[in-house]
Structures are given as structure tokens and as C-alpha cells.
Number of protein chains: 2
Amino acid sequence: MMASVQPGQAPTLEMVAARAGVSRATVSRVVNGSPKVSPDVVEAVQAAIAALNYVPNRAARSLASRRTQAIALIVPESAARVFDDPFFASVVQGAALTLAGTEYTLNLLIESELDPDKTRRYLLGGNVDGALVVSHHTGDHSFAHLSRSLPLVFGGRPLDPEESSGCTVDVDNEHGAAAAAQHLVDTGRRRIATIAGPQDMPPGVDRLHGFSSVVAGAGLADDLVEYGDFTAASGAAAMRKLLARAPELDGVFAANDQMAMGALSALAEAGRSVPADVAVVGFDDDRYAATAMPPLTTVRQPSSQMGAEMARKLVRLLAGEDVEAATILPTELVVRQSS
Amino acid sequence: MMASVQPGQAPTLEMVAARAGVSRATVSRVVNGSPKVSPDVVEAVQAAIAALNYVPNRAARSLASRRTQAIALIVPESAARVFDDPFFASVVQGAALTLAGTEYTLNLLIESELDPDKTRRYLLGGNVDGALVVSHHTGDHSFAHLSRSLPLVFGGRPLDPEESSGCTVDVDNEHGAAAAAQHLVDTGRRRIATIAGPQDMPPGVDRLHGFSSVVAGAGLADDLVEYGDFTAASGAAAMRKLLARAPELDGVFAANDQMAMGALSALAEAGRSVPADVAVVGFDDDRYAATAMPPLTTVRQPSSQMGAEMARKLVRLLAGEDVEAATILPTELVVRQSS
DNA sequence: TTGTAGGCGTTATCAT
DNA sequence: ATGATAACGCCTACAA
């Protein structure tokens with residue numbers, strides 16, 4: 001029962017107008033939901049639209065309206081393995097799902113490291129109405145200067161607070177880390193160490209800060225700090241140093257799960273049992289956390305909500321609404337068997 | 001040293017023409033790399049472009065040229081957890097990276113289950129020049145009828161071969177499963193079972209077929225078959241049934257890693273040791289495989305290459321080149337400690 | 001090799 | 001409430 005369609009010949013607004021016996025302007029009004037059209041005309045036009053199976057041409061529309069109804073999601077190429085990081089995948093998911101509920105389309109852009117200017121040109125070429133920039137741990141806000149020409153929403157706070165260029169959505173790294181530390185304290189650990197992340201990345205800084213304030217606040221020593229680069233190997237190395245420095249330690253907080261995994265293996269090879277001898281807590285609740293041995297206590301990061309929130313914010317921005325410059329998403333401590 | 005730019009006022013082709021002292025047509029030729037322009041003029045125009053920081057307007061361009069330079073990547077919403085499946089994430093990654101090297105833009109579309117027609121309208125609305133459709137395990141080619149109006153490339157073969165609508169890229173499920181079975185046979189297993197996937201999904205069918213042909217071909221019984229739905233729980237259940245039916249079994253091939261994990265836990269609770277008593281092999285080499293206990297022997301699926309291949313194929317198609325209807329990507333047996 | 005001019009499908013500004 | 005009629009920025013015969 002479908003009206004037969006001429007493949008390759010898309011019906012135009014003009015054809016709809018002819019069939020409905022009205023002008024193109026009127027059809028345009030109906031299509032765009034203008035209130036100033038009489039009900040019967042609306043009906044006639046909609047019938048014509050349905051009969052012809054008309055779909056407005058996006059290019060023509062945006063050329064005339066100077067809006068694209070498209071949003072870019074920019075992710076760094078990062079060694080060509082973007083989605084290996086579940087964090088990115090989740091953020092993209094959250095953004096895509098949110099946008100699917102709007103009239104906006106999501107243009108996924110992998111930032112080319114070969115031609116970094118390509119992204120800039122794309123953004124400036126009138127391809128999108130706004131962009132979501134997710135820079136993971138790095139705090140890279142190198143697109144900040146574009147926010148004058150285009151609404152931008154960043155994921156993660158900038159490394160340099162001065163650079164605070166418009167909107168950001170961030171995870172509450174500090175409180176998350178604080179909760180992890182507090183959990184260690186509350187469960188009776190007294191000699192607590194941390195494997196911190198790089199201090200040139202905001203999450204690295206924030207998580208260390210959250211940890212230290214709680215540990216120090218509990219009257220415990222917060223001198224047991226070693227640094228890693230968020231990889232499992234670096235976590236293992238840091239754990240070994242920690243054990244060498246303080247064989248008596250009974251708790252450790254790693255700034256992410258990968259490093260916590262590394263710590264787990266280092267602990268195993270040192271003959272310490274977890275959590276009996278040493279409790280370990282990670283951060284992220286990534287895919288490996290639940291199936292680690294033992295299952296890892298960690299701080300869950302709302303990554304898909306981060307993507308969703310970024311998208312929502314940008315949409316509001318584009319609608320001309322006011323939005324708060326920075327929103328911080330809460331984390332959640334997930335207690336498993338490693339602590 | 002940057003030329004100052006008027007924010008909000010994008011330079012047009014006309015402005016470039018004026019500055020370079022040529023006509024708009026000539027500028028257009030230069031921008032599009034037409035060979036029929038004298039070198040000095042090319043230079044002058046490029047200088048003007050650089051000076052003005054000109055970027056062609058995509059909407060105008062596609063309105064005039066009737067091409068969008070955009071490609072849609074459609075993924076099923078699947079319970080709103082699209083990217084929880086590493087397979088999707090990888091496919092998207094492969095496609096995005098490949099497309100980043102071309103002049104095409106990737107529009108990520110989550111197929112709305114609320115309004116399935118939305119996707120169809122989008123595809124037909126002249127929004128993209130072609131589309132990539134990834135349907136994972138389901139073999140759903142419900143967009144097949146659109147391939148007359150728009151170049152389409154599917155990921156995974158259709159369930160019904162008759163429905164074979166144009167291009168597909170698929171993983172060699174049959175050979176992969178055969179390799180897994182062969183490995184079991186070669187390592188001395190004699191009573192081999194399989195936990196098959198749903199038989200209404202192509203990979204479920206193909207993997208079972210690959211398994212059976214090898215086992216039967218080796219002169220062994222291939223009667224030990226139980227079915228799961230690709231979840232860990234179903235794998236555990238199937239494993240229990242298998243153990244009840246044939247306590248003497250010494251090898252099992254699960255049609256995916258999740259089910260293999262389930263089998264692992266069922267085996268553990270039955271007091272069988274892996275691989276001493278029973279060898280188990282999975283399929284996918286997903287994120288959990290390497291960290292399972294014991295690390296899982298499995299068949300690696302080239303998922304990001306699948307995305308890449310799909311993209312390459314579509315780009316060629318759009319360039320008017322001939323491409324083979326179906327390409328099959330090879331798999332690789334990854335031997336770990338579970339066999 | 002370069003310029004002229006018409007058109008791509010909508011939106012938006014005027015009138016009516 | 002509805003209808004002409006310009007734009008919108010670029011491409012592309014066709015002409016020179």
C-alpha cells in the first residue's frame with residue numbers, strides 16, 4: 001500500500017505546493033510548524049507531503065536558514081585506538097543517544113594528527129552548529145579559541161583554569177577520590193598509599209588532591225605517593241616502589257583501574273594477599289574491574305552520562321538558553337572484594 | 001602572526017574572487033582542483049584563500065553539486081547500550097578512522113526504536129551520499145530496499161541469502177569456528193562439545209556449521225550441541241546441560257567469549273579444571289578474554305577492520321568503481337591457557 | 001584559460 | 001493567513 005516512489009527523484013517543496021494547491025511559502029510554514037496557517041491548509045499540505053513522501057532537503061534548508069542541525073563530536077586520535085578506551089565509547093554513546101532524541105545529527109570527527117587544521121576548517125566551514133570536544137584525561141582545550149565562532153562544550157576541565165573557555169562537563173574526580181580514601185580509612189586501614197596519575201592531567205591532579213585531603217584529614221600520613229601514567233604496567237611499577245618504601249602499608253588507592261590492576265599483580269608477586277594484607281581501590285569502574293582477581297573496589301565514573309550531559313548542554317546553548325559554565329557529575333563508590 | 005578574522009562572518013567564494021581579481025568560477029575551479037587553470041592564477045587564488053581564511057560552505061556546495069560528502073553509520077539502538085558491545089565500538093572506530101582520511105564526514109545514527117522511520121527519512125532526505133549499516137549478530141538487512149536509492153554497505157551477511165542486497169562485509173565465522181574445532185582436535189581432545197549461538201543469527205549458524213564439519217570430518221561425534229543466546233548466563237546453563245549429557249567430554253567450543261566465560265564458571269563449579277580436564281575455546285577475543293581465569297583461547301574477530309573495510313567499500317562505490325558484492329574477513333586463532 | 005549566468009531547494013522579507 | 005520574490009553560497013554548462 002505504499003505510494004510508488006520515483007527512485008532518485010526526490011520530491012521538492014515546490015511539488016508539494018503544487019499538489020496541495022498552495023504556495024511554497026505555505027508549505028515551508030507547515031513543514032516548520034508555523035502557527036499562522038489555517039488548519040485545513042495544514043491538513044491539505046500534510047496530505048500532499050505524505051502522498052509524495054516528501055522529505056526536506058537538508059542542504060537547501062541550511063543554506064537558507066544558516067543552520068545545519070548538526071553537531072560535531074570531536075575525539076582525539078590518540079594512537080589510532082580511540083574506542084579501545086571504554087570511556088570514549090561511553091561518552092560517544094551518551095551523546096549519540098541524547099542527540100537521537102533531538103533534531104540534531106551527530107558528526108563523529110576523529111581529530112587527525114596528520115592534519116590538525118582539518119578539524120578547525122571543518123568546524124569553521126559551516127558544517128555544524130556546535131561541537132562537543134572530549135579530551136579524556138589530557139585536559140586539552142586547544143579548540144578554546146574557536147568558542148567565539150561556535151558554541152563548544154568540553155568534556156573534562158581544562159588543565160589551566162585560566163583557559164576556562166565556556167562550557168565544560170566534568171566528573172567529580174576530587175570527591176570520587178575522597179570517597180575511595182574515606183572507604184579505606186573507614187575499613188580500618190592506617191598506612192595508606194596512592195598511585196597517582198600524571199600531574200599534567202586534570203584527573204591526575206584532582207584525584208590525588210581528593211585522596212590527600214581525606215587521608216591527612218584523618219590524621220594519617222599522606223606521604224606514600226608514587227606516580228603512574230594510567231597504564232597497568234606503570235601501576236605495577238609504582239606498587240613495587242611503594243612496597244619497598246613502606247612494607248607495612250595496608251591500603252592503596254590507584255587513580256584508575258588499569259593501574260589498580262597493575263598494583264594487584266605486583267601485590268600478588270610480592271606475596272601480599274588482597275584484601276587481607278592490603279586493600280586496593282581503583283577509579284573508573286572500567287570493563288575489567290568486575291572480573292579482576294579479586295573483583296576491584298572502585299569509583300564509578302558516569303561516562304555515558306557525561307556524553308549525554310554535554311549534548312544536552314550544547315543543545316540548550318544552541319537554543320539560546322543560558323547554561324551554567326561548568327557542571328560536575330557525581331561519582332559512586334562500588335565496593336567489591338579488593339577492599 | 002595570524003590574519004585577524006571577523007568572527008561570525010565567514011568569507012565567501014565571492015570575496016576570494018574579488019581579492020584575487022578573478023571570477024567566482026575560477027575560484028571554484030581552484031578549490032575543486034580543476035586542471036584547466038593557469039599556475040599563476042592558481043597561486044593568486046590560493047593566496048587570497050589563505051589570506052581570508054576561506055573555507056567553502058558545505059551546504060551551498062552540496063546544494064549545487066547534489067552531493068553531501070557525508071556518510072551515515074547506522075547502528076541499532078539495542079537496548080540503549082550500543083557501545084557496551086566492544087564489537088560496535090571497534091567497527092565504528094574502524095569506519096571513522098578510515099573516513100577521516102577521505103573527504104567524507106561520518107554521521108553517526110542510532111536507529112531509534114521509537115521512530116524507526118526516522119532513519120529512513122534521514123537516508124532519503126539527501127543528508128548523506130551513502131550509508132554503512134551494522135547489525136551485529138542479527139543479520140538484519142531491513143534497509144535493503146533502500147539500496148536502490150542509496151549506496152549501502154552492510155556489516156554481516158543477511159540471514160536470508162535471497163535478501164542479499166548489494167554489498168556486505170563479513171567475518172569468516174565458518175572458518176574461524178573450524179579453526180577452533182581443529183585446534184581442539186589437534187591437541188588431543190576426543191569428546192568435543194559446542195555451545196552454539198541462536199540459529200536465527202548468521203554468526204550462530206555459521207559458527208556451528210564450521211565446528212560440526214571439522215569435528216565430524218575428524219571422525220568424532222558432533223552430537224554434543226547446546227544452544228545459548230550469546231550471554232554468559234546462557235553459556236553457563238548450556239555447559240551444565242552438556243556435562244549432564246556427557247560427563248566424559250574433554251573439550252568445548254563456545255560460539256562467543258561471553259558464553260565461554262559462562263562455561264568456565266560452570267566448569268569450575270562442577271569441579272572440572274581447565275584445561276586439564278576440559279579445554280575451552282571461545283570466539284571474538286573480546287575485552288574479557290585475555291583476563292579470564294584461565295585466559296581464554298579464542299578466535300579473534302577483526303572488528304575494526306570490518307568497519308574500515310565497509311567504509312573503503314562505500315567510498316569506492318561512491319566513486320563509481322566496481323566492488324565485489326561480499327568480502328569476507330579472515331579470523332585468527334589466539335591460543336591462551338584455556339586449551 | 002577564463003568569465004557569464006542560471007539554477008540547486010529552502011527560508012525569510014515583504015506585501016496583500 | 002497567504003503569496004511573490006529575493007537571497008543563501010556554490011557549481012557548471014556555455015560562451016568568449
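Computed over heavy atoms, backbone and side chain alike; hydrogens, waters and symmetry mates excluded. Numbered from 1 within each chain, the chains take letters A, B, ... in sequence-line order.
Distance CG (A/Asn57) to P (C/dG9): 7 Å, rounded to an integer number of Å. Between the P atom of C/dT10 and the CE atom of A/Met15 lies a distance of 10 Å, rounded to the nearest Å. In this structure, the NZ atom of A/Lys36 is 15 Å from the C1' atom of D/dG3, given to the nearest Å. Regarding A/Leu63, its CG atom lies at a distance of 13 Å from the P atom of C/dC8, rounded to whole Å. Following rounding to the nearest Å, A/Glu14 (CD) and D/dT5 (P) show an atom-to-atom distance of 13 Å.
Contact between the side-chain N/O atoms of B/Thr26 and the OP1/OP2 oxygens of C/dT1 is not found at any separation under 4.0 Å. The side chain of A/Arg66 contributes no N or O atom lying less than 4.0 Å from OP1 or OP2 of C/dA12. Side-chain N/O atoms of A/Ser62 include none lying less than 4.0 angstrom from OP1 or OP2 on D/dC8.
For the atom pair CG of B/Leu99 and OH of B/Tyr104, the computed distance is 9.0 Å after rounding to the nearest 0.5 Å. Interatomic distance, CG of A/Asn127 versus CD of B/Gln69, reported as 10.5 Å (0.5 Å rounding).
Rounded to 10 degrees, the angle separating the terminal helix axes of the helix from C/dT1-D/dA16 to C/dT16-D/dA1, each built from five base pairs, is 30°.
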Between N or O atoms, less than 3.5 Å apart, protein on one side and nucleotides 11-13 of chain D on the other: list the pairs.
residue	atom	partner	partner atom	Å
D/dC11	OP1	B/Asn32	ND2	3.3
D/dC11	OP2	B/Ser28	OG	2.8

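If you check the side chains of B/Asp40 and B/Ser38, you find a donor sitting under 3.5 Å from an acceptor.
Of the possible polar contacts, none joining the B/Thr168 side chain to the B/Gly156 backbone as a donor-acceptor pair under 3.5 Å is found. A donor-acceptor pair under 3.5 Å is formed between the side chain of A/Asp129 and the backbone N or O of A/Thr68. With A/Lys118 contributing its side chain and B/Ala100 its backbone, the two residues share a donor-acceptor pair below 3.5 Å. Looking at A/Ser28, its side chain never comes within 3.5 Å of a backbone N or O of A/Arg24 through a donor-acceptor pair.
Here the closest heavy-atom approach between residue B/Met310 and residue B/Phe154 is recorded as CE-C, 3.7 Å.
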Show me the donor-acceptor pairs, under 3.5 Å and distance only, between side chains in residues 317-325 of chain A and residues at least two apart or in other chains.
none

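Side-chain proximity of A/Ser23 to the nucleotides D/dC8, C/dG9, D/dA4 is greatest for D/dA4.
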